[in-house]
Amino acid sequence: MSFNEIYRKYKNNTASDKEKLQVMEELEKYKTLTDDYLDEQSVDFNTKSQNDSKTQWDINEDEVKTIKSREKTKNVRLVLISVIIVCLLFLTYKFAAVPFLNKYVLFGPETYTISKSEYFSDLQIELETFTSLHAPFVKIAGIGWESTGLGKYDLTLQLVNRDDTSNHKYENGYIKNGKVKLNPYSETTMFRAGYFDLRKNDYSQKEIDEHNKAELKKLSDLESDFTAARTTITLKDRMDMGVLAKYINKYDDLTFEWAAIVPSELGNIAPLLGMDLEGSNMMISPEDKAKYGDFPGFTEIEYTKEGLENHFTNMLEFQKNNEDLVSRIVDMNEFSSVWYDGVTEYIDGNGVEAYGLVIKGNPLAIAEFYKEVPCIDITVRDVMLDVE
């Protein structure tokens with residue numbers, strides 16, 4: 001808007017405070033310039049008449065101060081409103097937008113796309129399935145998390161050394177950009193094919209016999225109604241699931257915790273692959289499947305040839321069908337759907353066969369099992385009180 005238009009509004013008393021102040025400032029400038037010019041020209045005006053009567057160019061200083069005060073108040077109000085708006089936007093982002101996006105858009109411990117309810121998160125389902133397949137001694141007891149921003153979480157995994165609830169362990173990690181980092185989770189709990197020591201390739205028969213004899217003596221020395229041992233046993237011959245089911249049902253005073261499964265023609269190569277023979281700590285009963293869903297790692301295991309084979313192959317199929325979820329947790333160079341496809345192809349042609357076992361229970365019963373089943377190696381991994 002031009003000055004003439006603003007001045008016209010000023011004369012008509014329709015100008016805003018800001019426009020009035022602008023006109024007054026311009027008139028003040030004009031008056032100063034005019035006075036200076038007249039002084040230079042030595043023009044003699046009747047000062048009395050000038051002092052006694054105000055011209056249209058005279059400025060009301062009080063009005064100027066009032067207008068400036070109102071403008072200052074208005075500016076302060078605008079600043080306060082801006083600050084309030086910024087605070088509201090921040091609070092909305094932090095307490096509304098971030099939780100909504102984390103839960104319904106971005107991947108995290110609040111993602112529920114597999115389960116029919118918000119009781120089993122995608123992260124929990126995949127971690128339990130993955131550890132069931134690749135971690136002989138670890139079960140997940142719980143997952144704690146805290147949101148640290150958009151798509152960011154701090155994680156705490158409560159791990160249990162199988163069913164020995166006194167031996168809890170906590171692993172910390174985080175989620176960032178949809179990727180789970182569990183330090184040093186993978187190093188301490190998974191991928192150790194060396195748990196099952198095929199000594200026949202590296203040791204003489206005499207050394208193997210001496211080792212196994214010493215381990216059996218440990219078991220005999222531990223014999224007690226209140227003592228249990230956990231051992232790893234490497235089988236001499238591959239054991240199909242029908243034979244394994246027979247031994248599980250026969251030795252009811254032993255807990256068959258985990259079975260190492262042959263993944264390919266090359267035999268027991270890394271990464272370590274097997275099957276948790278106990279199932280999840282949070283089993284889904286048949287009547288609850290309609291409520292929660294049917295996840296292979298959470299279903300009750302039937303200890304028959306068909307039951308064990310189905311349990312293992314169903315978990316493999318789950319991994320293949322959820323490659324994106326698996327890739328958020330582990331290195332896909334080792335655990336891609338192509339690798340699981342290779343395992344499935346081998347099993348389709350050769351069946352599900354075990355080459356190693358993790359067994360817990362009465363030391364003498366473990367020794368009896370070892371003597372009945374041809375084995376290469378037996379190693380006592382842990383000793384604990386058994387008050388059951």
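Excluded from the calculations below are hydrogen atoms, water molecules and symmetry mates; all remaining heavy atoms, backbone and side chain alike, are included. Small disclaimer: the values here were computed from a predicted structure and weren't measured.
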Between Y93 and F100, is the gap from one ring center to the other below 6.0 Å?
->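 So the answer is no for these two rings.
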Is the Y153 to Y174 ring centre distance short of 6.0 Å?
->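 For Y153 and Y174, the ring centres are not under 6.0 Å apart.
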Does a side-chain N-to-carboxylate-O contact under 4.0 Å join E210 and K213?
->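 No, this pair does not count.
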Could you tell me if [Y] and [X] have a donor-acceptor pair between their side chains, going purely by distance under 3.5 Å?
X: T113; Y: D122; answer: yes
X: Y251; Y: E372; answer: yes
X: N75; Y: T73; answer: no
X: N212; Y: Y370; answer: yes

Quick check: closest heavy atoms across [X] and [Y], and the distance to 0.1 Å?
X: K305; Y: A245; value: N-CB, 4.1 Å
X: G307; Y: T304; value: N-OG1, 2.9 Å
X: K236; Y: I376; value: CA-CG1, 3.7 Å
X: V373; Y: M239; value: CG1-CE, 3.8 Å
X: A259; Y: L357; value: CB-CD2, 3.8 Å
X: I175; Y: P109; value: CD1-CD, 3.6 Å

Minimum side-chain heavy-atom gap [X]-[Y] below 4.5 Å:
X: I81; Y: R77; value: yes
X: F256; Y: V358; value: no
X: N102; Y: S147; value: yes
X: T156; Y: I143; value: no
X: L272; Y: L133; value: no
X: T344; Y: T313; value: no
X: L106; Y: T111; value: no
X: H211; Y: D209; value: no

Decide whether [X] and [Y] are clustered together by the hydrophobic rule: side chain heavy atoms of Ile, Leu, Val, Met, Phe, Trp, Tyr closer than 4.5 Å, transitively.
X: V180; Y: Y112; value: no
X: V326; Y: I114; value: yes
X: L150; Y: L155; value: no
X: F369; Y: L364; value: no
X: Y119; Y: L325; value: yes

Side chain to side chain contact (heavy atoms under 4.5 Å, CB included) evaluation trace for E110 with S121 = CA-CA 6 Å; E110 299 177 277; S121 70; over 6 Å; no
To the closest 0.5 Å, what do you measure between [atom1] ([X]) and [atom2] ([Y])?
X: I248; Y: M241; atom1: CD1; atom2: CE; answer: 8.0 Å
X: D377; Y: T232; atom1: CG; atom2: OG1; answer: 6.0 Å
X: E368; Y: L216; atom1: CD; atom2: CG; answer: 12.5 Å

Verdict with supporting geometry, F107 and D324, side chain to side chain contact (heavy atoms under 4.5 Å, CB included) | CA-CA 11 Å; F107 175 79; D324 179 66; over 6 Å; no
E257 and R230: salt bridge (Lys or Arg N to Asp or Glu O under 4.0 Å), yes or no, with the steps?
-> CA-CA 9 Å; E257 296 181 330; R230 177 176 285 109; 2.9 Å; yes
May I ask you to check whether over 12 heavy atoms, not counting those of D221, lie within 6.0 Å of atom CG?
->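 Enclosed.
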Do other residues, nucleotides or ligands put more than 12 heavy atoms under 6.0 Å from K218 NZ?
->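 Check passes, neighbour count above 12.
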Could you walk me through whether K320 and D341 pass salt bridge (Lys or Arg N to Asp or Glu O under 4.0 Å), step by step?
-> CA-CA 7 Å; K320 287 164 49 180; D341 280 337; 3.3 Å; yes
Quick one: does any side-chain atom of [X] pair with a main-chain N or O of [Y] as donor and acceptor, under 3.5 Å?
X: R328; Y: G178; answer: yes
X: E126; Y: L123; answer: no
X: K176; Y: K181; answer: no
X: N362; Y: A365; answer: yes
X: E215; Y: V380; answer: yes
X: T131; Y: E128; answer: yes
X: H311; Y: Y303; answer: no
X: W258; Y: H134; answer: no

Determine, stepwise, if the pair I233 / I359 fulfils side chain to side chain contact (heavy atoms under 4.5 Å, CB included).
-> CA-CA 8 Å; I233 294 178; I359 301 176; 3.9 Å; yes
Derivation of the side chain to side chain contact (heavy atoms under 4.5 Å, CB included) call for E278 and D276 | CA-CA 6 Å; E278 294 183 287; D276 189 323; 3.5 Å; yes
